[in-house]
Amino acid sequence: MTEQERLKEQRIKRRDALRELGVDPYGGRFADITATETLRERATSLDIEPGGRSEVKARVAGRIMLQRVMGKLAFLTVHDSLGKLQLGLSKADLGDDQWKILKQLELGDTIGVEGVLGRTKTAELTLWCNKLTVLSKAVIAPPEKWHGLTDVDLRYRRRYVDLFTNPDVRSVFRMRSAIIHAVRDYLVNESYYEVETPVLQPIYGGAAARPFTTHHNTLDMDLFLRISPELYLKRLLVGGMERVFEISRNFRNEGISTKHNPEFTMVELYEAYADYNVMMERVEGMVSAGFGAATKDFIPARAAAIEKECARLTEEDRPDDAKTFAEENHLDAYQEAAKGVTAGRLTTVYHGAVIDFTPPWTRSKYADLLREHAGVEMNDIDAVRKKADQLGIDHKGKDDAVVVNAVFEESVEHHLVQPTFVYDYPAPICPLTRRHPEDDAIALRFEAFISGMELGNAYTELNDPAIQKENFECKLQGEGDETMAVMDEDFITALEYGMPPAGGLGVGIDRLVMLLTDSPSIRDVILFPLQRPAKKDNPHNPDHQELSDVKLGKDA
RNA sequence: GGGGGUGUAGCUCAGUGGUAGAGCAACGGCCUUUUAAGCCGUGGGUCCUGGGUUCGAGCCCCAGCACCCUCACCA
């Protein structure tokens, strides 16, 4: 028996011991509970003396995360959704029967208690309990109490453990929820309808990416998981739904990185009678809403938390550690951002840099940025190709516009740290975008960049069916085998019925959450990022097969 | 796919070619005001996997697997 199995055995014995005491180790409804955060607020007005108890009764439920037992008195620290609270349990208060139950409890168990609020000698807020209910017995021990779960692989594979041991992780996902709600509220307030369009699509389009393929058995039909909802949402514009948005899970069969997950969330919206300038305001509006819902409070709290830890280290006579901690956690940046927030600005920290989201964001022409950072004129293709050579970009046999954009990505994007709208892209790489009225080589498209990362992409939408058809038929060299230019006859038919002029926009929700929560990787803001299954859990893994065969052989 | 890194007890991590280590958790004991509780004692290992070098490998070499970082594709 391994150590792991032995530890589990011990816990199972305690679970069974609870049953022998007539206690259901998996509990049931536990009503009328108060959140520990609420109790903490209430206690501030109670003015309880150290060592004293109030008359205030409360019921609390949570997971035991710390435990200090001294003979006939125990202190347990339980965590609930937002906070934590110390519970005081004595044999005298509980009585012999309940004390026996307490003796079977350990770290990781979830309990409900009833008691009165008080403070210990050291003034720690404590719920002195007279009743104890077991709500869920943990038969696997939680991770080490000080460091929590830090193994990145395990954190993603067992996100549930990550969540209950690391409050900061819970906080990021609460912020994610708040940001999505704020984005939705903003759009609904602007008279947008929220819609849902197909995830399973017979023709994929709306972006340049390789799709996942699947099959419907009854119709005997191959289908693609959507890479974008764009072409369906535009059909709704034809249908007279003038302002629509979808919070869309998209699937792209591409590489995985700190900025890419094969399934990701995008908010995509279309507004009739608008153009890409209106879409810039929509980006500012959505980001401002998300900032207000999450980051506004996060920044000063984080600054204060870093300061507190530095003060603690300094007090422990470890000034060097305090200095290192401050640097690693970008204390200066957080303090500056917190000042900005106090002054009413939308300032945050990302990768150690202070980012200011306060609208209006900088608006820069694609061609101007190319001139500034690459030193070439966009329409001087010889100069652009020469620059590509300098940058080590392989551009042989590739279309001019593709090379221009490769040079742009290589030489410009990483300079765009503060929120910037880059507008007026080379037309050939924008098949779904309306052309500039005065220059056919330019498309009315912008991308929003922050911290060198593309956050969103928007167009004044192309609504001329003839040009759209041409664009579908024209294939650029150098864009890879799969491009967004996959012919969709029905979409052309829709445009032929007449689509109003419109602005359209997609904003990457995961990346927005990364920026608003200072998360370095997209996996930090996706609850269950895609991972290869652990070997022992994966029935398709050849090694697993071998193991099974060996086992069968033994048994036979 | 290329390059770099990591993989040792349930968790967090040390480990110098020669008997496998610490802290936390667990188990036994003491303990009614603890704050990562403390004190005394005990148990716990496929050192990622498979080869190789060596008298001897956690450590050196080769191959593989998983994860992280990075580059490429992509948003």
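Residue numbers begin at 1 in each chain, while the letters A, B, ... track the order of the sequences.
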Colleague: Is the ring centre of A:W128 less than 6.0 Å from the ring centre of A:F75?
Modeller: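 Yes, they do, as the ring centres are separated by less than 6.0 Å.
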Colleague: Under 6.0 Å between ring centres: does that hold for A:F446 and A:Y423?
Modeller: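 Judged by ring-centre distance (under 6.0 Å), A:F446 and A:Y423 do not meet the cut-off.
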Colleague: Using atom C1' of each nucleotide, how far apart are B:rG21 and B:rA14 to the nearest Å?
Modeller: 7 Å
Colleague: Counting only side-chain heavy atoms from C-beta out, which of B:rC69, B:rU33, B:rC73 sits nearest to A:R210?
Modeller: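 For A:R210, the side-chain atoms sit closest to B:rC73.
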Colleague: What distance, rounded to whole Å, do you find between the two P atoms, one in B:rA22 and one in B:rC65?
Modeller: 35 Å
Colleague: Would a 4.5 Å heavy-atom cut-off, applied to side chains only, mark A:F528 and A:Y156 as touching?
Modeller: no
Colleague: Taking a pair as Watson-Crick or G-U wobble with both distances under 3.5 Å, which nucleotide is matched to B:rU35?
Modeller: none
Colleague: Listed by chain and number, what are the side-chain contact (heavy atoms from CB on, under 4.5 Å) partners of A:V169, not counting sequence neighbours?
Modeller: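 Testing A:V169 for side-chain contact (heavy atoms from CB on, under 4.5 Å), a comparison that skips the adjacent residues, returns A:R155, A:R159, A:D162, A:L163, A:N166, A:F173.
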Colleague: Determine the contact category for A:N250: base if any of its heavy atoms lies under 4.0 Å from a base atom, sugar-phosphate if only primed atoms, P, OP1 or OP2 are that close, otherwise nothing.
Modeller: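 Contact class for A:N250: none.
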Colleague: What's the closest nucleotide to the A:A92 side chain, out of B:rU34, B:rU32, B:rA75?
Modeller: B:rU32
Colleague: Would you mind reading off the distance between A:K91 atom NZ and B:rU32 atom P, rounded to a whole angstrom?
Modeller: 10 Å
Colleague: Tell me what A:T258 touches on the nucleic acid: a base, only sugar-phosphate, or nothing, going by heavy atoms under 4.0 Å.
Modeller: sugar-phosphate
Colleague: Compute the centroid of each ring, for A:Y366 and then for A:Y425, and state whether the two points are separated by less than 6.0 Å.
Modeller: yes
Colleague: Look through every strand shown and name the nucleotide pairing with B:rC27 as Watson-Crick or G-U wobble, where both distances are under 3.5 Å.
Modeller: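 Pairing partner, where one exists within any strand: B:rG41.
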Colleague: Measure all distances between protein nitrogen or oxygen atoms and nitrogen or oxygen atoms of nucleotides 23-26 of chain B, and list the pairs falling under 3.5 Å.
Modeller:
from: B:rC24; atom 1: O3'; to: A:K145; atom 2: NZ; distance (Å): 3.4
from: B:rA25; atom 1: OP1; to: A:K145; atom 2: NZ; distance (Å): 2.7
from: B:rA26; atom 1: O3'; to: A:Q10; atom 2: OE1; distance (Å): 3.4
from: B:rA26; atom 1: O2'; to: A:Q10; atom 2: OE1; distance (Å): 2.0
from: B:rA26; atom 1: O2'; to: A:Q10; atom 2: NE2; distance (Å): 3.2

Colleague: When you measure from the side-chain N and O atoms of A:T122 to the phosphate of B:rU35, is any distance below 4.0 Å, counting only OP1 and OP2?
Modeller: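 It does not, given that no N or O in the side chain of A:T122 lies less than 4.0 Å from OP1 or OP2 of B:rU35.
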Colleague: Starting at the 5' end of RNA chain B and moving along, which residue's nearest nucleotide shows up first, A:V152 or A:E447?
Modeller: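 Of the two residues, A:V152 wins.
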Colleague: To the side chain of A:R532, which of B:rU32, B:rA66, B:rA36 is closest?
Modeller: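 Closest nucleotide to the A:R532 side chain: B:rA66.
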Colleague: Taking atom P in both B:rU54 and B:rA72, what distance in whole Å separates the two?
Modeller: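 Here B:rU54 and B:rA72 have their P atoms 44 Å from each other.
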Colleague: OP1 or OP2 of B:rC69 sitting under 4.0 Å from any side-chain N/O of A:R523?
Modeller: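 For B:rC69, OP1 or OP2 has a side-chain N or O of A:R523 closer than 4.0 Å.
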Colleague: Mark yes when over 12 heavy atoms from residues, nucleotides or ligands other than A:E55 sit less than 6.0 Å from its CD; otherwise mark no.
Modeller: no
Colleague: What contact category does A:G148 fall into here, base, sugar-phosphate, or nothing, at under 4.0 angstrom with non-hydrogen atoms?
Modeller: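 Touches sugar-phosphate only.
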Colleague: Can you tell me how far C1' of B:rC71 sits from CD of A:E254, to the nearest Å?
Modeller: 16 Å
Colleague: Say you pick atom C1' in B:rG44 and the same atom in B:rU34; how far apart are they, in whole Å?
Modeller: 28 Å
Colleague: Looking only at atom C1', what distance separates B:rC31 and B:rG41, rounded to whole Å?
Modeller: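 Going atom to atom, C1' in each nucleotide, I get 16 Å.
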Colleague: Kindly confirm whether the side-chain ring of A:F75 is stacked on the base of B:rA37, judged by centres under 5.5 Å and planes under 30°.
Modeller: no
Colleague: For B:rG23 and B:rG18, measure between their P atoms and round to the nearest Å.
Modeller: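 Straight-line distance between the two P atoms is 23 Å.
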